[in-house]
Amino acid sequence: MKFGGTSVGSPEMIKKTAEIISGIDESKVVVVSAMSGITNLLIRAARKAEAGDKAYKDDFEEIVSKENFTMKSLFGKELPAVSDLLSLLENLLDSIYMLGELTNRALDAVQSFGERMNIHVVSEELKRHSIKSLPVEASKFLITNEEFGNAFPNFKLSKGRAGKLFSRYFKERITPVVTGFIGATPDGKITTLGRGGSDFSATIIGNLLDAREVWIWTDVDGVMSADPRIVKNARSLRNISYNEASELSYFGAKVIHPKALLPVIDKKIPVRILNTFNPSFSGTLITEREEGKGFVKAITRIKDISLINVNGKGMLGVPGIAARVFSAAAETHSNVLMISQSSSEQNICFAAKAEDAAKLILRLKKEFEEEMKEGVIESIGEEKKDAIVSAVGAGIKSFPGISGKVFSILGRNGINVSAIAQGSSEYNVSFVVKERLSEKAMNVLHTELGLDNSDFKGRKIVNLFQFGVGSVGSALYRLIEEKKADIEKKSGVRIQYVGIARSSGY
Ligand code: ASP
Ligand code: MG
C-alpha cells in the first residue's frame with residue numbers, strides 16, 4: 001500500500017492513514033511519500049545553496065518546523081532518528097553552498113530526505129495503533145542504475161535482497177514502512193526514480209514480492225472519466241485496463257505515475273486506486289481486462305501546448321524531411337507529444353509544450369536554412385495557446401466510427417480542430433484545439449459520448465435561450481416545461497433552458 005504526499009501530509013492525515021492500515025489484516029508493506037511540499041522545499045534549498053544564496057537556510061528551517069510540528073502533535077516529542085536526518089541534511093546543504101556545485105547525485109541525496117524522515121514518523125504512529133512496525137530505507141534492497149533523478153530498477157538484483165528482508169518481516173508479523181521514490185546503485189549511492197516516483201516504488205515492490213494487489217492511496221476517488229474541476233458530471237471508473245491507465249497518465253490525467261504500471265503488467269498484479277479522504281470508496285481497479293467495446297472511457301487534456309508547423313509545397317515527394325524535423329526536435333531535448341502530417345505532404349506539424357516552442361523553432365530554422373532559401377520550405381511557425389484533448393478507451397480499438405463520432409460532435413458544437421492524431425495503439429483519439437475551447441470540447445464529448453452519470457447518458461443536449469417573456473413567450477415557456485419530458489423521450493435529446501431575456505434584463 002502506497003500513501004501519497006497528501007495522505008501523510010499532516011498529523012491528522014498520518015493518524016488517518018495509520019487507522020486505515022490497522023484495519024487491514026493481511027501481510028502488507030507500506031510505502032510512503034514525503035509529506036506534501038517537502039520534496040519541493042528540498043529541491044529549492046539545494047538550488048539556492050548551489051547558487052550561493054544564503055536563503056537556503058530559510059527553506060531548511062521551514063522543513064525543520066514542518067517535521068517538528070508533525071512529530072510534536074503526534075507524539076509530544078521529536079523522534080531522534082528524524083533529528084539526526086535533519087542535521088545530516090543541514091550538513092549536506094552547507095557543503096553544497098560551500099562548493100557552489102550541485103551534481104545530480106547530490107540532488108538525489110538531498111531529495112531523499114523527505115521520504116527517509118517520513119518512514120520514522122509513520123512507523124511510530126503505527127506502533128501507537130498496536131501494530132508491530134519498522135522503518136525501512138528502500139536503498140537497502142531497491143537497486144537501480146546510475147541515472148540520478150530518473151533511475152530505473154534492476155529487478156534481478158533487487159529481488160534477492162527484497163526476498164530475504166521481507167520474508168523475515170512477514171514471519172514476525174512486522175509491517176515495514178518503506179521509503180517511496182528512492183533506491184540505490186549497486187554500490188550504495190542513493191538515487192531517485194523521478195518526481196512522483198513513489199507510485200513506481202510501490203509497484204516495483206509489488207513485483208519483487210509477488211504481491212496479491214498494489215493499492216495506491218491518493219486524495220481523489222480513483223480514476224475519473226474527466227477532471228471533475230472541468231467536467232461537472234465526471235464520475236469514478238470502477239475498472240480500467242493497464243493500457244488505458246497508461247494512456248490516461250500520458251495524456252494528462254494525474255492518476256498514477258506513467259512508469260508505475262511497468263512492473264505489474266507481466267505478472268498481472270492488479271492495482272487499486274483508493275481515496276484516503278474517502279476510505280469506504282471501493283476505488284478504481286486496474287487490471288489487464290479490457291472491456292467496453294466501442295466505448296470511450298475518459299476525456300483528458302494537456303494545456304500549454306504549441307503546435308509547430310513546417311509548411312512548403314516543395315516538400316512533396318522529398319524524402320527525409322520528417323526524419324530531419326524530428327531529429328532536430330530531439331536534439332533540443334523537447335518532448336514531442338503528438339505528430340501529424342497532411343497526406344498532401346505539404347505540411348508537417350507536431351504538438352510540444354509551449355515552454356519548448358521557441359528553441360524548437362530556432363533549431364528547425366537552422367536545420368532547414370537551405371530549404372527555406374530555395375523555397376522548398378516556405379514557413380516554420382507556431383500556433384500558440386493550444387491544448388491537446390484525448391478520448392481514451394480500449395474500446396476504440398478495432399471499432400469503426402469512434403473518431404467520426406468524436407469529430408462530428410466537435411463540429412456540431414462549433415469547435416475547430418487544428419490537428420488530429422490517433423495512436424496506432426488505438427487506445428486514444430487525440431486532437432489539438434485552442435486552449436480556450438478545450439474545456440467546452442471536454443464537456444460536449446463527455447456528455448455526448450455517454451460518459452456522464454445522468455439519465456441523459458450520451459444524448460445530444462439542446463440548449464435553449466429564450467428572448468421575450470410576454471404573454472406568448474411565457475405560454476411557450478410553460479408549454480416547453482410541460483412537454484419537455486415527453487419530447488425528450490420521443491426524440492432522444494435533452495432539453496435545457498440556459499437563459500431567458502427581455503428588454504429589461506436577463
Ligand atoms: N516525494 C516525491 C515527489 O514529490 C515522490 C512522490 O511524492 O511520489 O516527487
Ligand atoms: Mg507526491
Side-chain angles (χ1 to χ4, degrees), residues 1-10 13-14 17 29-47 59-60 62-64 66-67 70 82 85-86 89 92 102 104-123 135-139 142 144 147-153 177-184 190-207 214-220 222-223 245-246 249-250 252-264 271-277 286:
M1 292 191 280
K2 175 257 177 176
F3 292 85
T6 45
S7 303
V8 286
S10 67
M13 286 313 296
I14 290 172
T17 287
V29 177
V30 173
V31 177
V32 294
S33 295
M35 295 181 76
S36 59
I38 294 287
T39 311
N40 285 342
L41 280 169
L42 286 164
I43 295 171
R44 202 166 75 190
R47 295 251 177 255
D59 292 329
F60 174 72
E62 203 177 325
I63 295 168
V64 173
K66 205 167 167 188
E67 295 289 339
T70 304
V82 175
L85 283 165
L86 281 168
L89 170 64
L92 186 55
L102 179 63
N104 288 339
R105 177 181 166 189
L107 182 59
D108 271 7
V110 172
Q111 286 187 81
S112 73
F113 278 86
E115 273 74 7
R116 286 164 68 200
M117 292 190 287
N118 217 11
I119 52 174
H120 295 282
V121 179
V122 174
S123 183
V136 179
E137 295 203 1
S139 40
L142 205 169
T144 71
E147 199 171 321
F148 295 101
N150 188 29
F152 199 83
V177 178
V178 185
T179 51
F181 186 44
I182 68 169
I190 288 186
T191 54
T192 67
L193 306 171
R195 290 307 306 272
S198 296
D199 292 347
F200 195 19
S201 305
T203 54
I204 293 167
I205 296 171
N207 171 303
V214 175
W215 294 0
I216 308 281
W217 290 89
T218 173
D219 52 6
V220 290
V223 183
S246 314
S249 60
Y250 179 83
K254 290 192 181 64
V255 277
I256 188 163
H257 190 276
K259 281 188 210 161
L261 293 168
L262 294 175
V264 290
V271 175
R272 210 180 274 279
I273 315 282
L274 295 153
N275 188 355
T276 321
F277 294 82
I286 308 175

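These numbers come from the heavy atoms of this one structure, side chains and all, not from hydrogens, waters or symmetry mates. For ligands, and for the atoms within them, numbers begin at 1 and follow the listed sequence.
Closest non-hydrogen pair, S139 versus I190, comes out as CB-CG1, 4.5 Å. Here the shortest heavy-atom pairing between F181 and S201 reads N-OG, 2.7 Å.
Near R195, meaning under 4.0 Å from any of its heavy atoms, are these atoms of ligand 1: 3 (C), 4 (O), 9 (O). Of all atoms in ligand 1, listed by their number and element, those nearer than 4.0 Å to a heavy atom of E115 are 1 (N), 2 (C), 5 (C). Atoms of ligand 1 lying under 4.0 Å from at least one heavy atom of T39, given by number and element, are 1 (N), 2 (C), 3 (C), 4 (O). Which parts of ligand 1 touch S198 is read off a 4.0 Å heavy-atom cut-off, strictly below it: atoms 5 (C), 6 (C), 8 (O). Counting the atoms of ligand 1 from 1 in the order shown, those under 4.0 Å from a heavy atom of S33 are 6 (C), 7 (O), 8 (O).
Looking at heavy atoms from C-beta onward, M35 lies out of side-chain contact with E115 at the 4.5 angstrom threshold.
Any N or O atom pair closer than 3.5 Å counts here, and G196 shares at least one such pair with ligand 1.
Between F152 and F200, the two ring planes are tilted [angle within 30° to 60°].
In this model, no donor atom of one side chain and acceptor atom of the other lie less than 3.5 Å apart for R195 and N150.
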*Walk me through it: do T144 and T191 pass the test side-chain hydrogen bond (donor to acceptor under 3.5 Å, both in side chains)?*
CA-CA 7 Å; T144 71; T191 54; 2.9 Å; yes
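The closest approach between G114 and ligand 1 stays at or above 4.0 Å for every heavy atom of the residue.
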